[in-house]
Protein chains: 2
Amino acid sequence: MPRHPRIPDAGVTRLSLYLRELSRLEGEGASFVSSAELARALTLTSAQVRRDLSYFGQFGTSGRGYEIRRLKRIIPRILGLEGRMWRVALVGSGNLGSALLAYRGFRERGFVIKAVFDKDPRKVGRVVAGQRVEEAGWLADVVRGRRIQIGIIAVPAVAAQEVCRRLVRGGVRAILNFAPVSLAAPPHVKLRNVDLSVELESLSYYLSSLNANR
Amino acid sequence: MPRHPRIPDAGVTRLSLYLRELSRLEGEGASFVSSAELARALTLTSAQVRRDLSYFGQFGTSGRGYEIRRLKRIIPRILGLEGRMWRVALVGSGNLGSALLAYRGFRERGFVIKAVFDKDPRKVGRVVAGQRVEEAGWLADVVRGRRIQIGIIAVPAVAAQEVCRRLVRGGVRAILNFAPVSLAAPPHVKLRNVDLSVELESLSYYLSSLNANR
DNA sequence: GCCAGGTTGTGAATTTTTTCACAAACTTAC
DNA sequence: GTAAGTTTGTGAAAAAATTCACAACCTGGC
Ligand SMILES: NC(=O)c1ccc[n+]([C@@H]2O[C@H](COP(=O)([O-])OP(=O)(O)OC[C@H]3O[C@@H](n4cnc5c(N)ncnc54)[C@H](O)[C@@H]3O)[C@@H](O)[C@H]2O)c1
Ligand SMILES: NC(=O)c1ccc[n+]([C@@H]2O[C@H](COP(=O)([O-])OP(=O)(O)OC[C@H]3O[C@@H](n4cnc5c(N)ncnc54)[C@H](O)[C@@H]3O)[C@@H](O)[C@H]2O)c1
């Protein structure tokens, strides 16, 4: 199987968005979609859509656009979602962790939570959304034992680096971090941060009347 | 007061990260920080740090670096966080909405939730984290009446566009959207999306062995 | 006052990402 | 079969973002 070319980071994100949009279009009964339509729905340019897809092959038909069913098979393949479930560990079953755990959308997209950890003895043993919360002490061993590949960190900032270390020790190769700290991890581990305060602050920047740009 | 220059979108995000990091450094007793240190902590380059800051003025001292207390006053000013609280409406008090509502971090960063809406009669009237959940029917009027500037959408995807419309009608000028749909809003409204499935899928892309790049 | 060491701010160069623009390809209608 | 109308895929151009690299500057020691 061919090695994929270098696509911009933002391009990978857009592939996911195309996939989401394709499902919606299919639900509406459409069978083909043009780059222009897709672009309009996602506020991009049609050239961008075509370029993103062209990194991976030629999937369109001149004069018709892209066959939705075809793209819906191809994009998951590109994203590494085809015919598999990624095994995920969630660390921290507090407010945010519980919301993530209850969310059914992840499974539909190919991610299944195989372990939930907390260090609070009052939470350990509880069953949340069908998952038993486990003692964080054995995190690394459990993660390794269950062949978990992705970790989600939803613990307070002070604990996040230590949790990250344990996840890495357990062998995960990717981490989604919700704690507002910058984590250090070895280069073979892909880190991704979601910081909601940062998102709001960015809105603030654009709101504040001084920055009337855009 | 001078109009700010055009800084890359990612640069705005980094300003928030600098601010976060500065608080940490201050907590450790530091009083100056160099661009190289800041860069190391956030896995950026020192040139990038200097460039980002230089868009807004000259805040450093050759040979010493940046005075932490000074930067901690200046960055909030740039981000529009100085001496004010942004008034926020949260729509949807389900799993995710409740987690957001309970989060104390937003207030510390200058965002205060002034209204919470839900359309489920069983949820309306409940008090979550000190906030009474209100009937979503009057959303636009309430938002306008309380002079709310930012909306957070935490409702199911199918309801998100309608909620967006109402928020806009109520006069918000920025929206943080958690629903996995692409929203349409007038150009004066700044939209920002957080799609956690997209984040996971991006991790999947980098994990999947076909993409050994990076 | 001078020197050694360290760091900024920023033009210029480079790299990355996006957009333009059009030949080639396909579709539909007649 | 042909013509009119679409839309792709992609070189080439443009724009945007990042990095290089260094003069200028500041500090602290002596
Ligand atoms: N709740 C939100 O909406 C929100 C918003 C933005 C950011 N965040 C961030 O997400 C993270 C979690 O937030 P939350 O609101 O769920 O906090 P929370 O306090 O409700 O939950 C944190 C959970 O982590 C557990 N924990 C602490 N240390 C641990 C460890 N070493 N190992 C395992 N578990 C441990 C705690 O027992 C608790 O159950 C925090 O870093 C927070 O800053 C949350
Ligand atoms: N929970 C998560 O971890 C998670 C993760 C990723 C994405 N999301 C997205 O975030 C959104 C919320 O997720 P959730 O898990 O909290 O869902 P949820 O079903 O727990 O909560 C949704 C809430 O919105 C309310 N609601 C529905 N229509 C409404 C309307 N028109 N006006 C006002 N309120 C309305 C419902 O009554 C409910 O209380 C969804 O779009 C979901 O896809 C959630």
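This structure is a prediction, so every number in the text was calculated from the model and none was measured. Residue numbers start from 1 in every chain, and the chains themselves are labelled A, B, ... in the order their sequence lines are given, proteins ahead of strands.
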Which atom pairs, donor and acceptor, lie under 3.5 Å between side-chain atoms of residues 59-75 of chain B and protein residues at least two apart or in another chain?
{"residue": "Arg70(B)", "atom": "NH1", "partner": "Phe59(B)", "partner atom": "O", "Å": "3.2"}
{"residue": "Lys72(B)", "atom": "NZ", "partner": "Glu26(B)", "partner atom": "OE1", "Å": "2.9"}

Item to complete: Send over the distance from Arg40(B) CZ to dT7(C) P, rounded to a whole Å.
Response: 10 Å
Worksheet entry | N or O in side chain of Gln58(B) less than 4.0 angstrom from dC25(D) OP1/OP2 | no
Worksheet item: Rounded to whole angstroms, how far apart are OH on Tyr18(A) and P on dT8(D)?
Response: 12 Å
Response to the item:
Its contact letters, B for base, S for sugar-phosphate only and - for none at protein heavy atoms under 4.0 Å, make nucleotides 23-30 of chain C read --BBSS--
Worksheet item: Looking at residues at least two apart in the chain, or sitting in another chain, which of them share a ring-ring contact (aromatic ring centres under 6.0 Å, His included) with Phe178(B)?
Response: none
Using a cut-off of under 3.5 Å, enumerate the N/O to N/O pairs linking the protein to nucleotides 16-22 of chain C.
{"residue": "dT18(C)", "atom": "OP1", "partner": "Arg14(A)", "partner atom": "NH1", "Å": "3.2"}
{"residue": "dT18(C)", "atom": "OP1", "partner": "Gln48(A)", "partner atom": "NE2", "Å": "3.4"}
{"residue": "dT18(C)", "atom": "OP2", "partner": "Arg14(A)", "partner atom": "NH2", "Å": "3.1"}
{"residue": "dT18(C)", "atom": "O5'", "partner": "Gln48(A)", "partner atom": "NE2", "Å": "3.4"}
{"residue": "dT19(C)", "atom": "OP2", "partner": "Thr45(A)", "partner atom": "OG1", "Å": "3.2"}
{"residue": "dT19(C)", "atom": "O4", "partner": "Arg51(A)", "partner atom": "NE", "Å": "3.4"}
{"residue": "dT19(C)", "atom": "O4", "partner": "Arg51(A)", "partner atom": "NH2", "Å": "2.7"}
{"residue": "dA21(C)", "atom": "N6", "partner": "Arg50(A)", "partner atom": "NH2", "Å": "3.2"}

Practice prompt. Just jot down the salt bridge (charged side-chain N to carboxylate O under 4.0 Å, His left out) partners of Arg20(B), sequence neighbours excluded, or say none.
Written response: Asp195(A)
Worksheet item: Does Tyr66(B) put a side-chain nitrogen or oxygen below 4.0 Å from OP1 or OP2 of dG9(C)?
Response: yes
Item to complete: Mind checking salt bridge (charged side-chain N to carboxylate O under 4.0 Å, His left out) for Arg14(A) and listing every partner two or more places apart, or none if nothing turns up?
Response: Asp52(A)
Response to the item:
Residues pairing under side chain to side chain donor-acceptor pair (under 3.5 Å) where one sits in residues 107-118 of chain A, two or more places apart or in two chains, turn out to be Ser93(A)-Asp118(A), Arg109(A)-Glu201(B)
Worksheet item: Which is it for Ile175(A) and Ile150(A) under the side chain to side chain contact (heavy atoms under 4.5 Å, CB included) test, yes or no, and what are the steps along the way?
Response: CA-CA 6 Å; Ile175(A) 293 176; Ile150(A) 299 177; over 6 Å; no
Discussion item. For residues 138-154 of chain A, which residue pairs pass the salt bridge (Lys or Arg N to Asp or Glu O under 4.0 Å) check, not counting sequence neighbours?
Written reply: Glu134(A)-Arg146(A)
Discussion item. Below 4.0 angstrom, which residues in residues 24-37 of chain A have at least one non-hydrogen atom near DNA chain C?
Written reply: none
Worksheet entry | CD1 on Ile152(B) to CZ on Phe111(B), rounded to 0.5 Å | 9.0 Å
Practice prompt. Keeping to residues at least two apart or across chains, list the side chain to side chain donor-acceptor pair (under 3.5 Å) pairs with something in residues 148-166 of chain B.
Written response: Glu162(B)-Arg165(B), Glu162(B)-Arg166(B)
Discussion item. Between C1' on dG9(C) and CG on Leu71(B), what's the gap in Å once rounded to a whole number?
Written reply: 14 Å
Practice prompt. Mind calculating the distance between CG (Leu53(B)) and P (dT7(C)) to the nearest angstrom?
Written response: 16 Å
Discussion item. Once side chain to side chain donor-acceptor pair (under 3.5 Å) is applied, what residue pairs with a partner in residues 31-43 of chain B remain, sequence neighbours excluded?
Written reply: Ser35(B)-Arg50(B)
Response to the item:
Taken in chain and number order and not counting sequence neighbours, the residues that satisfy side chain to side chain contact (heavy atoms under 4.5 Å, CB included) with Ser54(A) are Arg51(A)
